[in-house]
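Data block below; observations after.
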2 protein chains.
Amino acid sequence: MATIKQVAKRANVSVATVSRVMNNNGYVSAEAREAVERAIADLDYAPNRVARSLFTKTSGLIGLIMPDITNPFFPQLARAIEDVANQHGYQVVLCNTDEQLAKEQTYLVALQTMHVDGLIITTNHSDNPNYEKLELPMVALDRIVKSGIDAVISDGYEGGRLAAETLLACGATKLAQIGGPEQLQTVKRRTDGFLDVAGDRLVGMTHSSFTFKEAVTASKHLFDAYWPFDGVFAANDVIAAAVLQEAVRRNVRVPEDLQVIGYDGIELGEMTSPPLTTIAQPIYEMGRRATERLLDLIEKREIETKEILLPVTLTERQTTKRKGQDT
Amino acid sequence: MATIKQVAKRANVSVATVSRVMNNNGYVSAEAREAVERAIADLDYAPNRVARSLFTKTSGLIGLIMPDITNPFFPQLARAIEDVANQHGYQVVLCNTDEQLAKEQTYLVALQTMHVDGLIITTNHSDNPNYEKLELPMVALDRIVKSGIDAVISDGYEGGRLAAETLLACGATKLAQIGGPEQLQTVKRRTDGFLDVAGDRLVGMTHSSFTFKEAVTASKHLFDAYWPFDGVFAANDVIAAAVLQEAVRRNVRVPEDLQVIGYDGIELGEMTSPPLTTIAQPIYEMGRRATERLLDLIEKREIETKEILLPVTLTERQTTKRKGQDT
DNA sequence: TCATAATGTGTAACCGGTTACATATCAATG
DNA sequence: CATTGATATGTAACCGGTTACACATTATGA
């Protein structure tokens, strides 16, 4: 790799001039510019970002802290973030914390010492004090933070309502629900919305983490404890897939005997049989907005903290009947 | 963030001494060491990795180049890579190239200028000349590269054979296949293995990319063009899910009328109805091995290039019958 | 006891960029 | 014509680490 000094030498100018043409600032004569450009091309020169970083204290790196990229909700988020970051010349550093405070802490110092320019956090320790004392631009994604940190989330309460309304509109009368991890506020809102609409038509309810395995257990439990019911709202699509599987196992026909609505709108929902009706979050959009917001913060285009709330939509596939159609 | 100079001052030693205790090299007296350690603790000091990087020309960064993290095969790989990297103090930079040469090229220079220590490539441009002129440790994952680059792959040919043998052993007599993208050598081997065992029992064959949408089209085509058949091998689990869905749509019972075997062993296979029998690659293990190999290369523990071939296994779920059991 | 090796520590150069500052030329202005 | 501001360029300091080298002190061995 060539250095700026070699370029300067070849172009018969000083390193300062080379730096000026690269960064397009200061005064540079046309001849000098041309000579430098030719030298850069000849040597196939690209400036050393580490050296630049040391002086400018910016790295072009964004830290992405997630619980587990293996959870199918996150890859799309990661993809959106990476896309936007890349379009603006940033790279993203992937960190899986498994929700463990210790891992999170380790990453935080690693990211800080490598001078990342900002952080996107999709992790759920709602009150990790480490974040606040970190003086870094950051935005929380799909997660609600107490104070001082920007957040991009979708409207979980409305999503929960929409799920219940849809089930009811499609003729369900006995509703059940499998909620998500209770400490996740964004997830809890879905439950709240659902329950507010379901009212006393709710005949059963249980909880599950977002791993398929636990979802299977929870589904069995739901059937064992509360059957019969004719409409289920699952806190995410993975759980919904487990419900679908359990229904098949019990020879319960979907959607004829039981309607199911999931949450998230991940691709998995298209792949189940029958394809899953779900409340879709604008996942890519959420990632995009979060990253744009972060870049605004990094490049000082915005100051005041705010929360961006995105709408959810119903994706009707085949685990619900047509609306208005009765049993 | 404190600097080494501040630590030195507080400990009443020179920066050299501080550096020595941090890196645990050179001579340091017990008192000096203790003073420095106290100063480090007091100031909550962590060395600036950028500065260190500039001098040592190592960054503790690994570039991970994948087609698309959104494809459900990759997150598990990414997870394994990140786990191992992290255990050894490295961070990983995520790059999605969509198989576009231009994007790949952009990333390559970005990664190079930020002095990543190594590269893991799961991308399929089998002969991108950019890699060879890059003087960086790298290993190809789930991808075969001409020469000079280490590779970690699983035994696709054997996997294909195993799929065919299983289908046959479970009573299938008329086999069909949906192959993957033809330019992917690792995927083509699956087809080769399958065909070699299937022989003239193959009644139909088509191809598909790994997107679900295309897989649905390919599945319809397979049924339209070649039905009846009683055993299908899909080049990956996503395609198998599409086949399953199409079977339901046509009222073909699985596994009674039609047995299906997928490939990869991703979690999706557990979530379909019925759960998918599949040829499982040791995905996490592949990521782990690739990363360990890369670290060996980076830390100069290994020199000669080699290809690591990992075995695949049959994961029997419910889209195949019990072996030996006839129709 | 003296030469030599081992131990301990600081100074300064270096990594490869960016930029403040000094200096020089030239055109415009009154 | 002298003054001023715009243009152009180079020198050197700086970012925060690492380490070669110089130097001093202490231990070891003959």
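Chain letters run A, B, ... following the sequence lines, proteins first and then strands; every chain starts at 1. Predicted model only: the values in this text are computed from it and were never measured.
Residue B/Leu54 places its side chain closer to C/dG16 than to any other of C/dT19, C/dG16, D/dT19. Looking at the side chain of B/Asn25, the nearest of the listed nucleotides C/dT7, D/dT19, C/dG17 is D/dT19. The nucleotide whose nearest atom lies closest to any side-chain atom of A/Asn23 is, among C/dT18, C/dG17, C/dT11, C/dT18. Side chain of A/Ala16, nearest nucleotide from D/dG10, C/dG17, D/dT18: D/dG10. With C/dC21, C/dT18, C/dT11 as the candidates, the nucleotide lying closest to the side chain of A/Arg20 is C/dC21. For A/Lys57, whose side chain is taken as the heavy atoms from C-beta onward, the closest listed nucleotide among D/dC15, D/dG17, C/dG17 is D/dC15. Nearest to the side chain of B/Val15, among D/dT9, D/dG16, D/dT18, sits D/dT18.
Contact annotation: A/Asn48 side-chain N/O to C/dC15 OP1/OP2 distance is not under 4.0 Å. Close to D/dC15, at under 4.0 Å from its OP1 or OP2, lies no side-chain N or O of B/Thr3. Taking only side-chain nitrogens and oxygens, B/Ser29 comes nearer than 4.0 Å to OP1 or OP2 of C/dT9. Between A/Tyr27 and D/dT7 there is a side-chain polar atom (N or O) within less than 4.0 angstrom of OP1 or OP2. Applying the 4.0 Å criterion to OP1 and OP2 of D/dA8, one finds that A/Thr17 has every side-chain N and O outside that range.
For the pair A/Arg49 CZ and C/dT18 P, the computed distance is 12 Å after rounding to whole Å. Rounded to an integer number of Å, the gap from CZ of B/Arg52 to P of D/dC15 is 19 Å. In this structure, B/Phe55 atom CZ and C/dG16 atom P are separated by 10 Å, rounded to whole Å. To the nearest angstrom, P of C/dT25 lies 16 Å from CD of A/Glu31. For the pair A/Tyr45 OH and C/dG16 C1', the interatomic distance rounds to 7 Å; values are reported in whole Å. Rounded to whole angstrom, the span from the CE atom of B/Met22 across to the P atom of D/dG16 amounts to 13 Å. Atom CD1 in B/Ile4 sits roughly 14 Å away from atom C1' in C/dT9 (whole-Å rounding). C/dT11 atom C1' lies 13 Å from atom NZ of B/Lys5, rounded to whole Å.
Between B/Arg289 and B/Asp150, no side-chain nitrogen of the basic residue sits less than 4.0 Å from a carboxylate oxygen of the acidic one, so the salt-bridge criterion is not met.
Closest approach of A/Tyr284 to A/Ala80, counting heavy atoms only: O-CB, 3.3 Å. Nearest approach of A/Ile65 to A/Leu119, heavy atoms of both residues: CD1-CG, 4.4 Å.
The shortest side-chain heavy-atom distance between A/Thr3 and A/Val15 does not fall under the 4.5 Å cut-off.
When heavy atoms are screened at a 4.0 angstrom cut-off, A/Val18 is found touching no nucleic acid atom at all. The residue B/Val50 sits apart from the nucleic acid: no heavy atom pair falls under 4.0 Å.
Looking at which nucleotide of DNA chain C each of B/Ala51 and B/Ala32 is closest to, the 5′-most match is held by B/Ala32. Nearest-nucleotide mapping onto DNA chain C: of B/His115 and B/Val28, the residue sitting toward the 5' end is B/Val28.
Remark: side-chain polar atoms of A/Asp98 are not paired, donor with acceptor, to backbone N or O of A/Gln100 under 3.5 angstrom. Remark: side-chain polar atoms of B/Ser59 are paired, donor with acceptor, to backbone N or O of B/His115 under 3.5 angstrom.
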